[in-house]
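Worth knowing before you read on, the calculation uses all heavy atoms, side chains too, and leaves out hydrogens, waters and symmetry mates.
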Amino acid sequence: MEKDNIVEKAEAAGGYLNFFVNKEEFIKQVINQVIQQGDKYGSSDEGEGKTVLVEFSSPNIAKPFHIGHLVNTITGNAIEKIFKHLGYNTVKLNHIGDYGTQFGKLISAYKRWGNDEVIEKDPINELMNIYVKFHEEAEKDPSLEDEGRYYFKKLEEGDPEAVALWEKFRELSLKEFKKLYDDFNIEFDSYAGESFYTDKMPEVIDILREKNLLKESSGAQIVDLEQFNLPPCIILKSDGATIYATRDLAAAIYRKRTYDFYKCLYVVGNTQALHFKQVFSVLKLAGFDWADDCVHIGTSLVKFADRKLSTRKGDVIFAKEVVDEAVEKTLEIINTKNPNLENKEDVAKKVGMGAIIYTFLKNNMDKDIVFSWEDMLNFEGESGPYVMYSYVRGKSILRKAENIDINPDLSNLKTDDEFYLAKHLSLFKETVKQAAERYEPFVINRYVTELAKVYNKFYNTHPILTADKEVRDARLALTKAVTIVLATGLGLLGIQPPENM
RNA sequence: GCGCUCGUAGCUCAGUUGGAUAGAGUACUUGACUACGAAUCAAGGGGUCGCAGGUUCGAAUCCUGUCGGGCGCACCA
């Protein structure tokens with residue numbers, strides 16, 4: 001054990017060995033460390049020189065961004081920030097769904113019913129509308145399907161008109177998605193989607209063929225994965241076309257070459273667990289040992305308490321609705337509780353976004369997220385606003401303090417509540433590490449919640465500004481340390497707390 | 001049928017490598033604003049950790065079985 005002044009004595013008690021710490025010394029060390037390191041507190045250099053790729057969000061163009069995508073986006077964003085805090089060089093990849101027969105259908109639909117004016121106004125919904133219309137019409141007139149396939153073929157062949165239309169859809173969609181990413185302050189390093197890998201797939205097939213891994217089965221080319229106790233992975237469909245597994249293989253190889261990643265994290269819905277097991281296994285069979293560095297982080301399915309969300313039945317929640325509701329609700333609360341607040345809209349947005357992020361990162365990903373407007377918009381108790389409010393109160397006190405001793409005597413922090421706070425602050429680094437090891441942002445979420453809770457208790461029982469000067473200054477230092485860690489922790493989740501609310 | 005996963009308070013969930021009397025929030029009841037911001041705090045009731053075996057000084061945690069829910073199981077992604 002490291003020699004320091006913290007452990008005072010140790011004694012055995014009923015089969016346990018109890019250590020007694022020198023609280024005074026402990027508190028001093030923790031608080032000084034937090035204040036010195038500021039927003040670097042809890043960081044580390046364990047990731048130095050290592051690149052971690054995080055693939056997340058990955059919406060399909062020309063389709064609405066629903067709540068499932070939102071959960072995924074928020075989760076991936078937090079994971080990236082957590083790894084970054086640990087010193088890793090991180091790269092955020094948005095593997096856009098921009099390839100497939102569906103785009104042939106969309107081109108066909110556009111040529112039939114597309115109206116540029118309407119599309120400019122509300123691109124995704126209008127593209128969605130004509131896409132749905134295509135399917136309705138195709139029920140009556142099956143020849144439409146052929147037309148869709150025809151245009152997809154054109155697209156693959158590089159036909160200028162088809163390509164131009166596809167690019168237009170892609171641009172319009174991305175523009176729309178970026179609005180949402182802006183709301184959450186998310187920026188991607190790459191939008192290389194499925195289409196980006198089209199010309200990289202032949203090589204994958206060559207590699208697999210060369211290693212004798214490809215087998216013919218019912219007309220399709222597959223890789224047998226029986227030794228892994230997995231169903232076979234289809235590489236080429238019986239019509240000779242590629243499939244998403246092929247694209248994921250090409251993407252993985254491309255990424256390894258381009259970034260030489262230490263880890264490649266796929267933040268994708270839990271429902272695709274088997275798919276990733278198959279893809280990683282194929283890579284392994286092909287001799288790519290780095291397949292072990294590829295990790296599927298399966299995000300939670302979102303459902304209602306009594307039923308599951310169903311796109312088909314129109315029982316869906318769009319990301320935009322969630323954002324709008326949260327901001328509106330926050331504005332209402334501000335208007336009743338703090339009507340004179342400046343920049344209400346800005347604050348409402350921060351608090352609203354924070355509430356959403358908090359809700360989605362509240363529990364571990366093995367469980368489904370039971371969505372309820374009531375819970376999401378309840379800003380009391382364990383919630384984003386609760387933690388942000390604790391931060392805001394701390395900052396408010398710090399702003400009011402005058403004539404502070406920059407280097408206060410921290411031995412004035414004698415109460416249990418103060419000790420618990422210091423104790424909790426000391427746990428931050430370990431918490432960040434654990435969140436990364438488990439690939440679970442909720443670990444951070446629980447941490448900041450607990451810290452806020454302990455601070456609120458302290459706040460409610462002990463005077464800060466009105467305490468004797470020496471005690472006051474020590475408590476101010478403690479408050480400062482708490483606000484630093486709260487802001488850092490929230491930041492790792494992608495939550496930006498306001499200074500007032 | 002097979003694989004993965006979950007089952008802890010009315011509800012939503014913590015409880016990582018087995019340890020002291022199983023914890024939060026919510027909801028409900030009650031108390032605290034002439035106090036640094038009440039989006040806060042304090043107090044109370046609420047449990048066969050799905051069930052049954054097993055491993056051992058000790059199991060919510062590990063093993064086996066079983067029941068129940070979710071997801072997935074070749075040419076969609």
Is a donor from one side chain sitting under 3.5 angstrom from an acceptor on the other, for [X] and [Y]?
{"X": "Glu156(A)", "Y": "Tyr99(A)", "answer": "yes"}
{"X": "Tyr386(A)", "Y": "Asn456(A)", "answer": "yes"}
{"X": "Lys344(A)", "Y": "Asn338(A)", "answer": "no"}
{"X": "Thr479(A)", "Y": "Tyr459(A)", "answer": "no"}
{"X": "Arg399(A)", "Y": "Asn500(A)", "answer": "yes"}

Has [X] got a side-chain N or O lying under 4.0 Å from the OP1 or OP2 atom of [N]?
{"X": "Lys367(A)", "N": "A14(B)", "result": "yes"}
{"X": "Tyr386(A)", "N": "C41(B)", "result": "yes"}
{"X": "Lys400(A)", "N": "G37(B)", "result": "yes"}
{"X": "Ser396(A)", "N": "G37(B)", "result": "yes"}

Practice task
Go through the steps for Phe428(A) and Tyr447(A) under the test ring pair (Phe, Tyr, Trp, His ring centres under 6.0 Å), then give the verdict.
Solution key: CA-CA 8 Å; Phe428(A) 187 54; Tyr447(A) 174 88; 5.2 Å; yes

Using the [atom1] atom on both, measure [N] against [M] and round to a whole Å.
{"N": "U55(B)", "M": "G65(B)", "atom1": "C1'", "answer": "15 Å"}
{"N": "U16(B)", "M": "C6(B)", "atom1": "P", "answer": "14 Å"}
{"N": "U56(B)", "M": "G18(B)", "atom1": "P", "answer": "16 Å"}
{"N": "A22(B)", "M": "A39(B)", "atom1": "C1'", "answer": "30 Å"}
{"N": "U17(B)", "M": "G10(B)", "atom1": "P", "answer": "26 Å"}
{"N": "A20(B)", "M": "A60(B)", "atom1": "P", "answer": "10 Å"}
{"N": "G58(B)", "M": "C71(B)", "atom1": "C1'", "answer": "36 Å"}
{"N": "U40(B)", "M": "A77(B)", "atom1": "C1'", "answer": "47 Å"}

Handout entry: Axial cation check for Phe196(A) ring with Lys200(A), 6.0 Å and 45° limits
Key =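 Judged by the rule, Lys200(A) and Phe196(A) form a cation-pi pair.
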
Candidate nucleotides [options], ranked by approach to the side chain of [X] - the nearest:
{"X": "Arg393(A)", "options": "U40(B), C71(B), U12(B)", "value": "U40(B)"}
{"X": "Asn378(A)", "options": "A14(B), A77(B), A27(B)", "value": "A27(B)"}
{"X": "Asp366(A)", "options": "A39(B), A24(B), U5(B)", "value": "U5(B)"}
{"X": "Asn456(A)", "options": "G15(B), G70(B), C41(B)", "value": "C41(B)"}

For a quick check of understanding: with a heavy-atom distance under 4.0 Å over all strands, which category does [X] fall into, base, sugar-phosphate or nothing?
{"X": "Ser217(A)", "answer": "base"}
{"X": "Asn500(A)", "answer": "base"}
{"X": "His462(A)", "answer": "base"}
{"X": "Ala220(A)", "answer": "base"}
{"X": "Lys453(A)", "answer": "sugar-phosphate"}
{"X": "Asn270(A)", "answer": "nothing"}

Handout entry: Step-by-step side chain to side chain contact (heavy atoms under 4.5 Å, CB included) determination, Asn60(A) to Asp98(A)
Key = CA-CA 6 Å; Asn60(A) 293 321; Asp98(A) 58 1; over 6 Å; no

Handout entry: Donor-acceptor pair under 3.5 Å, Thr271(A) side chain vs G72(B) base
Key =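 Checked by distance alone, the answer is no.
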
Problem - Side-chain donor/acceptor of Tyr244(A) to base of A77(B), under 3.5 Å - result: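 In this structure, the two groups form a donor-acceptor pair.
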
Handout entry: Nucleotide-level pairing of RNA chain B, given in dot-bracket where Watson-Crick and G-U pairs need both distances under 3.5 Å and | marks other strands
Key = (((((((..((((.....[...)))).(((((.......))))).....(((((..]....))))))))))))....

Practice task
For the pair Glu145(A) and Lys105(A), find out whether any cationic side-chain nitrogen is under 4.0 Å from an anionic carboxylate oxygen.
Solution key: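 Judged by the 4.0 Å cut-off on N to carboxylate O distance, Glu145(A) and Lys105(A) do form a salt bridge.
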
Handout entry: 5′-ward residue of the pair Leu230(A)/Pro385(A) relative to RNA chain B
Key =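 Nearest-nucleotide comparison on RNA chain B picks Leu230(A).
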
Exercise for the section: Using heavy atoms to find the nearest nucleotide of RNA chain B for Ile464(A) and Glu374(A) separately, return the residue whose nucleotide is more 5′. Expected result: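 Residue closer to the 5' terminus by nearest nucleotide: Glu374(A).
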
Handout entry: RNA chain B-proximal residues of residues 336-347 of chain A, any heavy atom under 4.0 Å
Key =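 Of all residues in residues 336-347 of chain A, the ones placing a heavy atom under 4.0 Å from RNA chain B are Lys337(A), Asn338(A).
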
Exercise for the section: Taking all heavy atoms of Ser57(A) and all of Thr73(A), pick out the closest pair and write down the distance. Expected result: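 Shortest heavy-atom contact: OG-OG1, 2.8 Å.
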
Exercise for the section: State the CD-OG1 distance between Glu440(A) and Thr75(A), to the nearest 0.5 angstrom. Expected result: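 It is 8.5 Å, given to the nearest 0.5 Å.
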
